[in-house]
There are 2 protein chains.
Amino acid sequence: MELQSTDTIGALERLRAVKLRPTRQRLALAQLLFDTGDHHVTAETLYDQAQAAGVRVSLATVYNTLHQFTAAGLLREVVVNSACTYFDTNVTDHHHFFYEDRGTLADIDSADIDIRGLPEAPDGAKISRVDVIIRLT
Amino acid sequence: MELQSTDTIGALERLRAVKLRPTRQRLALAQLLFDTGDHHVTAETLYDQAQAAGVRVSLATVYNTLHQFTAAGLLREVVVNSACTYFDTNVTDHHHFFYEDRGTLADIDSADIDIRGLPEAPDGAKISRVDVIIRLT
DNA sequence: AATCAAATTAAAACGATTCTAAACTGTTGA
DNA sequence: TCAACAGTTTAGAATCGTTTTAATTTGATT
Ligand SMILES: [Mn+2]
Ligand SMILES: [Mn+2]
Ligand SMILES: [Zn+2]
Ligand SMILES: [Zn+2]
């Protein structure tokens, strides 16, 4: 008997862990996202990767899935311009280089930047995240 | 004889300094932007301020003017979300609090954040800017 | 005042993203 | 095994901030 690939098993378990029904589309997108190393995608780039891999999935589902994965903590959003939304498979605390020409991101480990004297959050506000973007030309 | 207000003179000189023809619309927008303290606007908020002040100007001209002022160095853009573009009358080196609920920004002086061990720009790239966004909820 | 480049504008177009509502599918329990 | 149903997918329409178009108006120059 034929075993499922370990990739499929990994994606399946990941979906189960966050209580998302493992549909054909979500399994395929999870493999594209999580079975390669950490990387950054937009809805369009992930949709194109799916097409290239022969996965039949609509752009609407790609958007739905990216948001569901983000809400589940499997992805995070990175805001670098108003043109499009980037999603990051690396959900650890880290920062980014942004290559403005190419529109690509590269990770900077949090330990590699030392931020001191971070101001207190004013009055009743709480800090939800600190983003450092180093823009490159 | 009646003198022009110092506000108008300030706006006029500012436009002349960057070689932008001082039209009625650009003078009025320059006053709204630069004669009050430093602040952050979107095209919509500035358009609304103009309406409220009785300035007749189209939204297209507000967009044109914001981009021209930015290209001239009178404004800078701040990217905090994909929903809309913020323009900042403070063009000195500084960072931002972003109140995610309200969609408003507050300045953090560059001297108040101490960033050490900023990674080198990879290979042939040059750092064009370092943005720190502290997101508040 | 005549001229002409520059600027303004209403309206249309654009494009990333979201919404709608109909079809489909995974899960469950009889 | 399979009916039932909630959850999911999808094509296509809608949304909305922003940009473009192309016609009109205006500011500067002579
Ligand atoms: Mn989102
Ligand atoms: Mn712009
Ligand atoms: Zn990253
Ligand atoms: Zn600012």
Side-chain angles (χ1 to χ4, degrees), chain A residues 4 8 11-32 40-51 53-72 74-75 77-87 103, chain B residues 4 8 11-32 40-51 54-72 74-75 77-87 103 105:
Chain A
Q4 281 182 103
T8 301
L12 187 59
E13 286 170 352
R14 203 180 304 250
L15 290 180
R16 283 195 178 130
V18 298
K19 300 196 174 70
L20 285 173
R21 194 190 284 190
T23 63
R24 217 177 308 299
Q25 292 87 343
R26 291 208 276 233
L27 279 169
L29 295 176
Q31 285 182 49
L32 289 172
H40 309 91
V41 301
T42 67
E44 285 289 346
T45 65
L46 181 57
Y47 178 72
D48 290 346
Q49 284 170 47
Q51 299 294 104
V55 175
R56 289 204 311 287
V57 62
S58 71
L59 185 56
T61 295
V62 172
Y63 275 105
N64 289 340
T65 302
L66 286 171
H67 285 130
Q68 290 154 355
F69 285 7
T70 301
L74 302 179
L75 293 175
E77 290 187 24
V78 184
V79 178
V80 287
N81 66 32
S82 291
C84 66
T85 302
Y86 289 80
F87 293 87
Chain B
Q4 282 182 101
T8 300
L12 187 59
E13 286 170 352
R14 205 179 303 250
L15 290 180
R16 284 197 178 127
V18 298
K19 301 198 175 68
L20 285 172
R21 195 192 284 189
T23 64
R24 216 179 309 299
Q25 291 87 343
R26 290 207 276 233
L27 279 169
L29 295 176
Q31 285 182 50
L32 290 172
H40 308 91
V41 302
T42 67
E44 285 289 346
T45 65
L46 181 58
Y47 178 72
D48 291 346
Q49 283 171 47
Q51 301 293 105
V55 175
R56 289 204 310 288
V57 61
S58 71
L59 185 57
T61 295
V62 172
Y63 274 105
N64 289 341
T65 302
L66 286 171
H67 285 130
Q68 290 153 355
F69 285 7
T70 301
L74 301 180
L75 293 175
E77 291 188 23
V78 184
V79 178
V80 287
N81 66 31
S82 291
C84 66
T85 303
Y86 289 80
F87 294 86
L105 290 161

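Labels below follow one simple rule: chain letters A, B, ... track the order of the sequence lines, proteins then strands, and each chain is numbered from 1. Not measured: the values here are computed from a predicted model.
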For this session: State which of C:dT9, D:dT26, D:dT18 makes the closest approach to the side chain of B:Val57.
Result: C:dT9
For this session: Whole angstrom is fine here: how far is it from CG in B:Leu27 over to P in D:dT26?
Result: 15 Å
Problem set entry | A:Ala43 side chain, from C-beta outward: closest of D:dT18, C:dT27, C:dT17 | C:dT17
Exercise. Can you name the nearest heavy-atom pair linking B:Asn81 to A:Ser82, along with the distance?
Worked result: O-OG, 3.8 Å
Seminar exercise, completed: Contacts of B:Gln51 meeting side chain to side chain donor-acceptor pair (under 3.5 Å) (sequence neighbours excluded), chain-then-number -> none
Problem set entry | Phosphate contact (C:dA16 OP1 or OP2) by B:Ser82 side-chain N/O below 4.0 Å | no
For this session: Find the distance A:Tyr86:OH to C:dA16:P and express it as a whole number of Å.
Result: 11 Å
For this session: Indicate whether OP1 or OP2 belonging to C:dC24 is found under 4.0 Å from a side-chain N or O atom of A:Arg24.
Result: no
If you restrict it to nitrogen or oxygen atoms, what contacts under 3.5 Å exist between nucleotides 6-8 of chain D and the protein, and what is each distance?
from	atom 1	to	atom 2	distance (Å)
D:dG7	O4'	A:Arg21	NH2	3.0
D:dT8	OP1	A:Arg26	NH2	2.3

Exercise. For DNA chain D, whose closest nucleotide is more 5', that of B:Asn64 or that of A:Thr65?
Worked result: A:Thr65
For this session: Could you list the residues that satisfy side chain to side chain donor-acceptor pair (under 3.5 Å) with A:Glu44, not counting sequence neighbours?
Result: none
For this session: Could you state the atom-to-atom distance from OH of A:Tyr47 to P of D:dT9 in whole Å?
Result: 15 Å
For this session: Apply side chain to side chain donor-acceptor pair (under 3.5 Å) to B:Thr23 and list each qualifying residue two or more places apart in sequence or on a separate chain.
Result: none
Seminar exercise, completed: Rounded to whole Å, CG of A:Leu29 lies from C1' of D:dT9 at a distance of 12 Å
Problem set entry | C:dA16 phosphate, OP1 or OP2, under 4.0 Å from A:Thr42 side-chain N/O | no
Problem set entry | B:Val41: side chain to side chain contact (heavy atoms under 4.5 Å, CB included) partners, not counting sequence neighbours | B:Leu33, B:His39, B:Thr45, B:Leu46, B:Gln49, B:Leu66, B:Phe87
For this session: Could you tell me the separation between the CG atom of B:Leu59 and the P atom of D:dC16, rounded to a whole number of Å?
Result: 14 Å
Exercise. Tell me, do B:Phe69 and B:Val18 make a side-chain contact under 4.5 Å, heavy atoms counted?
Worked result: no
Exercise. Does the side chain of A:His67 get closer than 4.0 angstrom to OP1 or OP2 of C:dT17 through an N or O atom?
Worked result: no
Seminar exercise, completed: Rounded to whole Å, the CG-P distance (B:Leu66 to D:dG17) equals 15 Å
Seminar exercise, completed: Residues at least two apart in sequence or cross-chain that pass side chain to side chain contact (heavy atoms under 4.5 Å, CB included) with A:Val57, listed by chain then number, are A:Gln25, A:Leu29, A:Ala50, A:Val55, A:Thr61, A:Val62
For this session: Give a yes/no answer on whether the side chain of B:Tyr63 brings an N or O atom under 4.0 Å of OP1 or OP2 in D:dT19.
Result: no
